[in-house]
Amino acid sequence: MSEMDQRKNAVAQSPTNRDSFGSKLGVIAAAAGSAIGLGNIWKFPYMTGENGGAAFVLVYLVCIAIIGLPVMLSEFIIGRRGQKNAIGSFKKLAPGTPWFLTGWMGVVAAFMILSFYAVVAGWCMEYVFKSVTGGFAGLSPEEIGNVFGTFTSGVVRPIFWLTVFMALTGCIVYAGIKEGIEKYSKILMPLLLVIIIVLGIRAVTLPGAGAGLEFLFKPDFSKLSAKGVLLALGHAFFSLSLGMGTMITYGSYINKRENLGATTLQVTIADTAIALLAGIAIFPAVFAFNIDPASSVGLAFITLPNVFNQMPGGMFFGFLFFLLLSVAALTSAISILEVVVAYFSEELKMTRHKATWIATTVITIIGVFCSLSLGPMSEVLFFGRNFFGVMEWTSSNLLLPLGGLFITLFIGWYWGPKRTKEELSNEGTLAVPYLSLFMFVCKYIAPLAIFIVFLHGMGWLSWLPFLK
Ligand code: TRP
């Protein structure tokens, strides 16, 4: 048998007893579930609000296309070829080299990101509860702001919801890839889509909604700063779950017959569409009630409850909105936890169940400190930031960009076009017309762009007059 035939055989038999996604739809639901999260529905709209609207959206779209797509594809290649967790895959593809450290950074980033992400997800669940019990009824805008401040700086309630959220996440991951992650993604993602469409229709049918749509879709480039461009690129990473080995880990569960290029495109389009739909559900409503869109982190938790208070049927739509946020956060959190669990179980040889228990518990404890750092422990500062801030800053500005940088360098310079083509073509069965473009971006464009974002994130570009 020739080498090619042997490989084809291996493909046909599809390896081992390793758990994997069972269907094409399952892959898309899980990977889109990872990508679509608080980043899309909470962060993207407020970043758009703060950075001038449509011009920012346009730049974001360009970043997704030229950097987001190739980095995601690179991660899928590494994972599916390696058939292991983020660290194990690098060890297998590049034995005896330090490339596995990229996977290490990813696992560390997973701990950090999930610990603060779960805190915010817990807030969303508290708000679902508050909406159902009519907790915002009759409150003035100022009082709603106070509710948020008092709640997040408290002790018992935020920690309670953080624990509930992590328990849910842990239970799904505990059940495995097919029976846990895939199964729940296939239920939760359609639910999310229905909710966001209902909210979008509600928002655009409000009198005065047009101004919000204009804000979102009619670019005014005078409002766009160089800083906004770099923020857009950084956010493209976060939103697509890149740079941390999430897509490497999920890639390792993708069947050898799946078309990786098409999967990447579909997941990216889904993520971008949901971010835009979130904008459509939010800005028309915000403008219809004459509220300033640039309300930063508080957009979802202060501005919107206010909007819902004034909207006909607002209590119901408020409930739907926070349910949407919670569902989106849950499918993202499982993907972050899976990075750690896959590492623990495959490299440290734990059972999956033990790995899930330990990872969930440790992350919840770190999360407790993130939550407390917004209240009783707010005086404890590291380099001028509270603990929550340290976790967020270090992961988003340091670990994710460096991770993405090394991932593209790995494909562009180490793995090379020949082996990349083998993986993308499923050993020669699919055409890969985009191969040379992809390799060029991985070699030069993406690393350069990511490096600039990294320098900016570190604060090392602040001497440039246009980045002030
Ligand atoms: N992409 C998710 C969001 O938009 C968050 C997320 C999940 C993530 N996995 C990640 C971010 C890995 C960075 C890295 O909310």
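Whatever order the structure lists them in is the order used to number ligands and atoms, beginning at 1.
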- Message: Evaluate Leu38 for polar contact with ligand 1, using N/O atom pairs at a separation under 3.5 Å.
- Response: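 Yes; the residue has a nitrogen or oxygen that sits under 3.5 Å from a nitrogen or oxygen of the ligand.
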Which of the atoms of ligand 1 are close to [X], meaning less than 4.0 Å from one of its heavy atoms?
X: Ser332; answer: 2 (C), 7 (C)
X: Ser335; answer: 7 (C), 9 (N)
X: Met244; answer: 12 (C), 14 (C)
X: Tyr117; answer: 2 (C), 3 (C), 5 (C), 15 (O)

- Would you please say whether a donor-acceptor pair under 3.5 Å links the side chains of Glu338 and Tyr253?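 Tyr253 and Glu338 do have a side-chain donor-acceptor pair below 3.5 Å.
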- Item | Distance-only donor-acceptor check, side chains Ser335 and Ser34, under 3.5 Å |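 Ser335 vs Ser34: donor-acceptor pair found between side chains.
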- Trp123 and side chain to side chain contact (heavy atoms under 4.5 Å, CB included): which partner among Trp161, Phe301, Phe165?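 By the side chain to side chain contact (heavy atoms under 4.5 Å, CB included) criterion, Trp123 pairs with just one of Trp161, Phe301, Phe165: Phe301.
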- Looking at Ile195, Val128, Val194, Leu325, which hits side chain to side chain contact (heavy atoms under 4.5 Å, CB included) with Leu320?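 Exactly one option meets the side chain to side chain contact (heavy atoms under 4.5 Å, CB included) with Leu320, and it is Ile195.
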Identity of the nearest option to [atom], non-hydrogen atoms only, from [options]:
atom: atom 1 (N) of ligand 1; options: Phe238, Phe237, Trp42; value: Phe238
atom: atom 4 (O) of ligand 1; options: Ala328, Ala32, Ser241, Ala35; value: Ala35
atom: atom 2 (C) of ligand 1; options: Ala110, Ser34, Gly39; value: Ser34

- Query: Among all residues two or more places apart in sequence or in another chain, which pass the side chain to side chain donor-acceptor pair (under 3.5 Å) test with Thr303?
  - Reply: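 Partners of Thr303 by the side chain to side chain donor-acceptor pair (under 3.5 Å) criterion, ordered by chain and then number, come out as Ser295.
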- N-O pairing of Glu392 and Lys43 below 4.0 Å: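 Looking at Lys43 together with Glu392, the answer is yes, because their closest N to O distance falls below 4.0 Å.
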- Query: What protein heavy atom sits nearest atom 12 (C) of ligand 1, and how far off is it?
  - Reply: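 Of the protein heavy atoms, Thr246 OG1, 3.2 Å lies nearest.
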- Message: Can you tell me which portion of Leu400 lies within the under-4.0 Å heavy-atom range of ligand 1? Options are side chain, backbone, both, or neither.
- Response: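 The answer is the side chain of Leu400.
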- Phe151 six-ring face occupied by Lys130 cation (under 6.0 Å, within 45°):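 The answer is yes; both the distance and angle limits are met.
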